[in-house]
Amino acid sequence: MAESITSNLDLARLAVDAARRAGADAADAYLAAFDESEVTVRKGATDRVIEAGSHGMGLRVFVAGRTAVCSTTDLRPEALETLARDAVALARISEPDEFAGLPDPADLFRGRADTLQLFDEAVEGLSTDQMIELAVACEDAAFSSDSRITNSDGASMSKRSSEVVLANSAGFVGSYPATSVSLMVEVMADDVEGKKRNAYWYTSERSLHRLTDAAEVGRIAARRAVAQLGARKTGTTQAPVIFEPVMATSLLGHLAACANGAALYRRSTFLADRLGEQVASPIVTIIDDPSEPGRRGSRPFDGEGVGSRRTPLVEGGRFIAFLFDSYSGRQTGNRATGSAARGVEGGPSPSASNLSMLAGDTPTAEIVAGVTSGLYVTNLMGQGFNPTTGDYSRGAAGFWIENGKLAYPVTEVNISGRLDAMLANIDAVGDDHTWFGGVAAPTVRVREMTISGL
Amino acid sequence: MSDSTSEALGFFNDRYAIDPAVLSSLLGTALSRGGDFAELFFESATVNSIAWEDQRVRSANRNVTQGVGIRVVKGDAIGYAYTESLDIDAMRRAAGTASRIGRAAERPVPVNATPYIAGGNYYPVGEPLTYAPPADKVALLERADRAARAFDTSVSRVDASVADELKHVLVARSDGRFVGDIQPLIRINVGVLSERDGQRQTARTGGGGRFGMDYFERITPEEHAREAARQSVLQLEAVDAPAGTLPVVLAAGDSGVLLHEAVGHGLEADFNRKGTSNYSGRVGDGVASPLVTVVDDGTISGSRGSLNVDDEGNETTRNVLIEGGRLRGYLQDEISARHFGVTPTGSGRRENFKHYIMPRMTNTLMLPGESTKDEIIRSVDRGIYCVSYSGGQVNISNGDFVFSVTEAYMIENGKITAPVKNAMIIGNGPDAMTKVTRVGNDFELSDGRWMCGKDGQSVPVGVGMPTVLISGLTVGGTRVG
C-alpha cells in the first residue's frame with residue numbers, strides 16, 4: 001500500500017471533517033489504496049512485468065439534499081481541503097432530493113472487519129519471479145498436454161494487496177485489508193482453412209491456497225481450444241440448451257441486473273412488478289452473499305458502510321428480493337441490503353457481491369443424456385440482454401447433442417428467448433456447483449430456446 | 001515547439017516542476033539497468049459529469065487524476081511502473097522499478113529530452129467544456145428532458161448525462177522524442193423509458209467528440225433526446241426478429257462499429273506479431289470483396305477517436321488497412337513496428353497512465369462506393385436493415401463476431417417495412433467482408449459515442465461507413481421460418 005505518515009483512516013476522516021466545515025450537512029469518504037503486480041509470459045519468455053502502488057479517494061457530500069461526488073488521487077491534507085470545498089460548491093447545481101443521504105445509522109456495520117478471510121499474507125509475499133514461474137508452468141502445461149496447441153496469447157498472473165477505508169459524518173469509520181490473486185492463459189489450435197480455435201481459462205481468488213493449480217488451468221484451456229476443432233454452424237431450430245457452470249453464471253449476472261434497486265426505481269427492469277411471483281422453475285434458488293468468508297465479492301461492509309448480509313433473490317423459483325443501496329432503498333420504500341458497490345470515482349450503486357445458484361441433484365452426465373437433440377453451450381458472446389424487457393439473445397458456441405451425447409462442436413450460432421421464460425423452463429440443475437471468482441453456478445438445462453444458425 | 005507541447009509542458013511545470021532536466025534524469029534512471037528504450041507518460045485528467053434523473057440533477061461528479069507511467073523495453077520484454085505522486089522521489093522509485101526488466105547492474109545513462117514539434121491540431125477547441133459554468137451544462141439536460149417528453153405521450157422517464165474530460169499529456173522518450181498534447185472530449189447521453197399498455201421499452205443514444213460547447217449548436221440536446229424517444233417508442237411497435245441466415249443491409253454511420261469489431265481488431269499488430277489474428281501473415285492477400293476499402297484515420301477534426309499524437313508521442317495519420325479488398329498493413333505501435341520493421345502508424349494507445357500501451361484503432365472507416373441507398377434496399381427480397389447498435393464483440397483469433405442491433409427493420413420485396421426488436425447479427429469478420437456485394441455512396445461518420453475495450457482497457461474511438469449490403473449473415477431472433 002502507498003506509504004503514508006498519516007493513516008488512510010485519518011485521511012478519510014479528515015476529508016469528511018473538511019466537507020462539514022465547508023458547509024456539507026453530511027458526507028462520506030471512500031479511500032482505496034493498493035499495491036499491484038502483474039506478469040505476462042508468452043511461449044516461455046517474460047513479455048511484461050508491471051509493478052505499482054495506487055491510491056485515491058472519493059468524497060460524497062450532501063448539502064441541503066443536494067449531492068456531489070468528487071475524487072482525487074492527491075491525498076495530501078491540503079488537497080483534501082480543496083476537494084471538500086470543490087464538492088460542496090459542485091453540489092449547488094444538483095436539485096434537493098429527499099432520498100439523498102447517508103444510510104440509516106441502524107444499518108451501519110458494527111463488529112470486526114477481519115473475520116472474512118479477505119487477506120492472505122502468502123499473496124502479499126509472492127515475488128515477481130515466483131509469479132513468472134507459475135505463469136510459465138501454466139502455459140507449459142497447455143502446450144505439453146496436447147500437440148495440437150500451436151500458439152499462445154500468453155499466461156498472466158496478477159496479485160493485489162489493498163486497503164479499503166470508509167468514513168462518514170455520522171461517525172462511522174471502517175477499514176479492511178484484502179488481497180486478490182489471478183492466473184489466466186489463452187491458447188489456440190489450428191483448424192482447417194487456417195481458422196484458429198482459441199480458448200482461455202482462469203482462476204481468481206483472495207487466497208493463494210484456493211487458486212486452481214497452474215498446470216491444471218493450462219490443461220483446461222488446452223482441452224477447451226482443441227475441443228472446438230472442426231466446429232460448424234447448425235440449422236435454425238428450437239431445442240433444449242444446456243449451460244455448463246461457467247456459462248450458467250452469466251444468467252445469474254443478467255438476473256442480478258434486473259433484481260437491482262436502481263433498475264427498480266428507474267422502472268428499467270422486467271421484474272419491477274413481479275416481487276413475490278414465481279419467475280423461475282421451483283428447482284432454482286439464487287443467493288447473493290457478501291458475508292461468505294474468503295470469496296472474491298466478500299466484504300464486511302458495502303460502499304456506504306452498511307453491514308454485509310445474505311440476500312436470497314430467488315428461492316424455489318419465487319422472486320423475493322431486490323438489491324438496494326440506501327438511495328434506491330429510500331426511493332422505493334425499502335431498506336438497504338448492503339449492496340452498494342463503490343469505487344473511488346462516482347457514487348455508490350447497487351450491485352451483486354457473491355452471486356450463487358445453488359446446486360441441484362442431477363448428475364451432469366444425466367443432464368446431457370436426457371437430450372435427444374440440443375445445444376451444450378461453452379461460450380457466449382455479446383451483450384444481447386435487455387433488462388427492461390428480459391429479452392435475451394446472444395452469440396453462442398459449444399457442442400451439438402445427439403441422442404444424449406456431445407456429437408460435434410458448434411460455432412457462430414445465436415440463442416434467444418426471454419429471461420423469465422428461460423428461468424421458468426429450467427428442467428434440470430446439476431450437482432456440479434462451481435465458483436468462478438465471485439459467482440457460482442451448476443450446470444443448467446433450459447427446456448427450449450430458439451437457436452439461429454444456417 | 002508546437003503550441004500543445006509547450007502548453008502541456010507549462011501545465012506540468014507549473015504544478016509539479018517537471019522540466020526537461022527532470023525528464024532526462026528520470027529516463028536515465030529508467031535505462032540504468034540495461035533497458036533498450038524508456039518512455040515517460042505524464043497525464044493529468046479532469047472529468048466532470050452531471051447525472052440527470054427524472055426531471056432533476058441527481059448528482060454532480062468531478063474526478064481529478066494525475067500520474068506518470070514509465071515503460072522500459074529490453075528485447076521483447078517490457079517493464080512498467082506508475083505512480084500518482086509526481087514528486088521526484090516517487091517518480092524516481094517508479095523509474096527504478098520499471099528499470100529492473102533490464103536485469104543488469106545499475107549504471108546511470110545520460111539521456112537528453114528536448115521538446116519536439118508535433119504535427120497537426122485536430123481539435124482546436126476554444127473554450128473546453130470542462131471550464132464552462134456547470135449551470136450551462138445543466139441547461140442542456142433540461143432541454144433534452146423537455147424535448148424527449150414532448151416527443152410522445154408514452155415517454156414516462158428521461159435520464160440523461162453530460163460529461164466532459166480534459167487531459168494534459170506529456171510523452172518523453174529515451175530516443176529524444178518529447179511531445180505534449182491537450183485532449184478535450186465531451187459526451188451527452190439520453191436514455192428514455194416509454195410505457196404503453198403495460199409494455200415498457202428503454203432506448204439510449206448520445207454523441208459528442210473532441211469539441212467544446214459549440215458541438216451543441218450543431219447537434220442540439222433536443223435532437224439527441226428526440227432520437228432516444230423515437231427509438232424507445234419504435235420498440236413498442238416492433239415485431240420479433242427473424243431467425244436464420246439473411247441478407248443484411250448495414251445503414252450508413254453507426255454500422256461502422258461492426259467494421260471496427262469484425263475487421264479492425266484483427267488488424268492490430270500485436271495480434272499479428274504473436275500470430276494470433278486471423279489476418280496474421282496475410283499482408284498483400286485479398287481478404288475482402290474488391291468493393292471494400294478500410295482506413296483508420298486519427299486526423300478527423302473533432303472526431304472522438306482523433307489524436308494529435310498517440311500515447312507514445314507519435315503523430316497520428318490516415319492508415320489504409322484494406323484497399324480494394326487487399327490487405328495493406330496493420331496498426332502499429334512502437335513495439336510491433338520494430339518487430340515488423342515498419343514505421344509506427346500512430347496507433348499506440350492506453351486507457352491512462354496506469355495501463356500499458358497496445359496498438360489500437362482511432363476512427364475506423366469504410367470508404368464510400370457507387371451504389372445509392374435506394375438501390376441497395378431495392379435489391380433485397382427479404383432481409384433486415386440495421387441502423388443502430390448497443391455493442392458487439394469479436395473473437396480476434398478467428399474473427400467470429402456478434403452485434404446487438406437496437407434499431408432494425410425488415411426488408412420485404414425491396415422495401416423497408418416493420419421495425420424489428422432484439423435482433424442480433426452473428427458472423428465471421430473475414431467471411432462477412434467477402435460477402436459485401438454493394439457499397440453505398442452515402443458515407444457517414446457516427447456521432448461520437450463509442451468506447452472500445454481491449455484487455456480491460458477502454459479508449460474512445462470513432463467509426464463510420466456508407467450503406468453496405470452483406471449477402472448473408474446469421475440473424476439471431478426468435479421467429480423461426
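- With chain B as partner, the option from A:Gly384, A:Ser393, A:Pro96, A:Gly395 having the largest number of non-hydrogen pairs under 4.5 angstrom is A:Ser393.
- The closest side-chain heavy-atom distance from A:Leu264 to A:Ser328 is not below 4.5 Å.
- The structure places CG of B:Asp145 at 12.5 Å from CG of B:Leu140, a figure rounded to the nearest 0.5 Å.
- Residues B:Ser161 and B:Ser49 fail the side-chain proximity criterion, which asks for heavy atoms closer than 4.5 Å.
- Using modelled atom types and a 3.5 Å distance limit, the side chains of A:Asn379 and A:Arg394 yield no donor-acceptor pair.
- If you tally non-hydrogen atom pairs under 4.5 Å between each of B:Gln199, B:Arg71, B:Gln201 and chain A, the highest count goes to B:Gln201.
- Atom-to-atom distance recorded for B:Phe271:CZ and B:Ser397:OG is 8.0 Å, nearest 0.5 angstrom.
- Between B:Ser232 and B:Ser194, the side chains place a donor N or O and an acceptor N or O closer than 3.5 Å (distance only, hydrogens not considered).
- For B:Lys354 and B:Glu84, the salt-bridge test passes: some basic side-chain N is under 4.0 Å from an acidic carboxylate O.
- When heavy atoms are compared at a cutoff of 4.5 Å, A:Tyr327 approaches chain B solely by way of its side chain, counted from C-beta outward.
- Residue A:Thr234 does not touch chain B at all, counting heavy-atom pairs closer than 4.5 Å.
- Looking only at heavy-atom pairs under 4.5 Å with chain A, the residue among B:Thr276, B:Leu246, B:Asn428, B:Val72 that has the most is B:Thr276.
- Between chain A and the residues B:Ala98, B:Gly427, B:Ala135, B:Gly472, the largest count of heavy-atom pairs under 4.5 Å involves B:Gly427.
- The pair B:Asp400-A:Lys233 does not meet the salt-bridge criterion, since no charged nitrogen lies less than 4.0 angstrom from a carboxylate oxygen.
- Only the backbone of B:Val394 comes within contact range of chain A, judged by heavy atoms closer than 4.5 Å.
- When heavy atoms are compared at a cutoff of 4.5 Å, A:Arg266 approaches chain B by way of both its backbone and its side chain.
- In terms of heavy-atom pairs under 4.5 Å with chain B, the best-connected choice from A:Asn151, A:Thr72, A:Asp86, A:Thr128 is A:Asn151.
- Highest contact tally toward chain A, considering only B:Lys421, B:Arg58, B:Glu53, B:Gln66, is held by B:Arg58 [criterion: heavy-atom pairs under 4.5 Å].
- Contact count against chain B (heavy-atom pairs under 4.5 Å) is highest for A:Asp153 among A:Thr389, A:Asp153, A:Thr46, A:Val344.
- Of the atoms belonging to A:Ala100, not a single heavy atom falls under 4.5 Å from chain B.
- Contacts of B:Asp159 with chain A are made by side-chain atoms alone, with heavy-atom separations under 4.5 Å and no backbone atom involved.
- Top candidate by heavy-atom pairs under 4.5 Å with chain A, chosen from B:Lys137, B:Arg100, B:Glu261, is B:Arg100.
- For the pair A:Arg330 and A:Phe99, the NZ or CZ position fails the cation-pi test of under 6.0 Å to the six-membered ring centre and within 45 degrees of the ring normal.
- Listed options B:Gly79, B:Gly75, B:Gly244, B:Ala241 were ranked by heavy-atom pairs under 4.5 angstrom with chain A; first place goes to B:Gly244.
- When side chains are defined from C-beta on, A:Ser416 counts as touching A:Thr450, because their heavy atoms get closer than 4.5 Å.
- Using a 4.5 Å cut-off between heavy atoms, A:Val39 makes no contact with chain B at all.
- At a cut-off of 3.5 Å, with distance as the only test, a side-chain donor of A:Glu139 or A:Ser152 sits close to an acceptor on the other residue.
- If you tally non-hydrogen atom pairs under 4.5 Å between each of A:Met188, A:Gln238, A:Lys43 and chain B, the highest count goes to A:Met188.
- Highest contact tally toward chain B, considering only A:Ile415, A:Asp74, A:Asn198, A:Val413, is held by A:Asn198 [criterion: heavy-atom pairs under 4.5 Å].
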Item to check | Criterion side chain to side chain contact (heavy atoms under 4.5 Å, CB included) on A:Ser182 and A:Tyr202, from CA distance to verdict | outcome: CA-CA 7 Å; A:Ser182 309; A:Tyr202 70 100; over 6 Å; no
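- Ranked by heavy-atom pairs under 4.5 Å with chain B, the list A:Arg66, A:Arg418, A:Glu36 is led by A:Glu36.
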